[in-house]
Trainee: 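First, the structure itself, so that you have it in front of you.
Side-chain atoms are counted along with the backbone in the values below, which use heavy atoms only and exclude waters and symmetry mates. Keep in mind that this is a model prediction, so the values were computed, not measured.
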Amino acid sequence: MTALTRIQSTPLAWHQEADNPPSFTLRGQDGPVATLQFLPGQNTLARVETADGAWTLLHRAFPADTVSLREPGSRVDLATFHPHPSGQGDLMFLNGDSFHWRPLAGIEPGGAFLEAEGMPLVRLTVMPDRSHRLHVPGGTAVGAVEALPPHHHQAGPALLAAFGWYLLQVEGLKEHTTQAAETSLRL
């Protein structure tokens, strides 16, 4: 796995490798930078891997709507994402680092993690004319990532890009589930 060291000049894209379970690879010019793989039979539990390590992400709807970041096999949340009803949210790490998630305005879905001062660090955009609803054929580029300097936090840009991509996938899954429930009620 390649570390993101020259983030100013590295074009990055998420590629969907598999449908079931969904699996994605973030690729730059020098190769893979991060992976995000949903675990079999789990639509909200995923494993993230970057050059800096491996983690699990889990969306919990009860008792509060949150996403936790842990080392595999650990019960300690290294970071917790707290979404706001507006679609925004805050990612807070145990070491005190915090990032604000803001959905992108516009036609294409996406979002950005911002520093506390409001400077964008990582911006994700779902590719035009591509669905982010977990069913694009394997290997297809489905999302663009822009990592912006400066980045002086413990959470590297690859981890933030994977966390943001996970949020977009879970949001798409929730939208799909809501649409399916509404359709079945109409029938």
Trainee: Under 6.0 Å between ring centres: does that hold for Tyr166 and Phe38?
Mentor: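 Under 6.0 Å, so yes.
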
Trainee: I want to check something: taking the side chain as every heavy atom from C-beta on, are Trp55 and Glu71 in contact at a cut-off of under 4.5 Å?
Mentor: yes

Trainee: For Ala18, is there any backbone N or O sitting under 3.5 Å from a side-chain donor or acceptor partner on Gln16?
Mentor: yes

Trainee: Which pair of non-hydrogen atoms, one from Thr50 and one from Leu159, has the smallest distance, and what is that distance?
Mentor: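 In terms of heavy atoms, the two residues are closest at CG2-N, 3.9 Å.
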
Trainee: Quick check: do Leu69 and Phe163 have side-chain heavy atoms less than 4.5 Å from each other?
Mentor: yes

Trainee: What's the verdict on side chain to side chain donor-acceptor pair (under 3.5 Å) for His82 and Asp65, showing C-alpha distance, side-chain angles and the deciding distance?
Mentor: CA-CA 7 Å; His82 301 277; Asp65 195 27; over 6 Å; no

Trainee: Starting at CH2 of Trp14, measure out to OG1 of Thr125 and round the result to the nearest 0.5 Å.
Mentor: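 One gets 13.5 Å once the value is rounded to the nearest 0.5 Å.
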
Trainee: What's the shortest heavy-atom distance between Phe113 and Leu160, and which atoms?
Mentor: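 Nearest heavy atoms, Phe113 then Leu160: CE1-O, 3.4 Å.
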
Trainee: Check whether any side-chain heavy atom of Gln88 sits under 4.5 Å from a side-chain heavy atom of Pro103, and report yes or no.
Mentor: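 A side-chain contact exists here, since the closest heavy-atom pair is under 4.5 Å.
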
Trainee: With rounding to the nearest 0.5 Å, note down the distance linking CZ in Phe99 to CZ in Phe93.
Mentor: 5.5 Å

Trainee: According to a hydrophobic-cluster definition based on side-chain heavy atoms being under 4.5 Å apart (Ile, Leu, Val, Met, Phe, Trp, Tyr only), do Leu114 and Leu91 belong together?
Mentor: no

Trainee: Grab the two heavy atoms, one from Leu57 and one from Ala162, that are nearest each other, plus how far apart they are.
Mentor: CD1-O, 4.4 Å

Trainee: Write down the atom of Thr56, the atom of Pro72, and the distance for their closest heavy-atom approach.
Mentor: CG2-CA, 4.2 Å

Trainee: With side-chain contact (heavy atoms from CB on, under 4.5 Å) as the test, would you mind laying out the steps for Val142 and Trp165 before giving the verdict?
Mentor: CA-CA 10 Å; Val142 293; Trp165 192 248; 3.4 Å; yes

Trainee: Kindly say whether Gly89 contributes a backbone atom to a donor-acceptor pair with the side chain of His100 at under 3.5 angstrom?
Mentor: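 Yes.
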
Trainee: To the nearest 0.5 Å, tell me how far Leu78 CG sits from Met92 CE.
Mentor: 14.0 Å

Trainee: Please report the interatomic distance CZ(Arg47) to CD(Gln37), rounded to the nearest 0.5 Å.
Mentor: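 Between atom CZ of Arg47 and atom CD of Gln37 there are 8.5 Å.
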
Trainee: Kindly indicate, with the supporting measurements, whether the criterion side-chain contact (heavy atoms from CB on, under 4.5 Å) is fulfilled by Leu168 and Val126.
Mentor: CA-CA 9 Å; Leu168 292 171; Val126 176; 4.3 Å; yes

Trainee: Tell me, do Asp90 and His84 make a side-chain contact under 4.5 Å, heavy atoms counted?
Mentor: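 The answer is yes; the side chains approach within 4.5 Å.
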
Trainee: Heavy atoms only: give me the nearest Ala158-Val33 pair and the separation to one decimal.
Mentor: CB-CG1, 3.7 Å

Trainee: Report yes or no: do His59 and Asn43 form a side-chain donor-acceptor pair below 3.5 Å?
Mentor: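 There is no such pair between these side chains.
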
Trainee: Closest heavy-atom contact between Ala161 and Leu26?
Mentor: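 So the two residues come closest at CB-CD2, 3.8 Å.
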
Trainee: Inspect the contact between Arg60 and Asp77 and indicate whether a charged nitrogen and a carboxylate oxygen are less than 4.0 angstrom apart.
Mentor: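 Arg60 and Asp77: salt-bridged.
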
Trainee: With clusters built from Ile, Leu, Val, Met, Phe, Trp and Tyr whose side-chain heavy atoms come within less than 4.5 Å, directly or transitively, what are the remaining members of the cluster of Leu45, listed by chain and number?
Mentor: Leu39, Leu58

Trainee: Within a strict 4.5 Å, meaning less than it, do heavy atoms of the Val76 and Leu94 side chains meet?
Mentor: yes

Trainee: Taking salt bridge (charged side-chain N to carboxylate O under 4.0 Å, His left out) as the definition, give me every residue that meets it alongside Arg123, ordered by chain and number, with sequence neighbours left out.
Mentor: Glu146

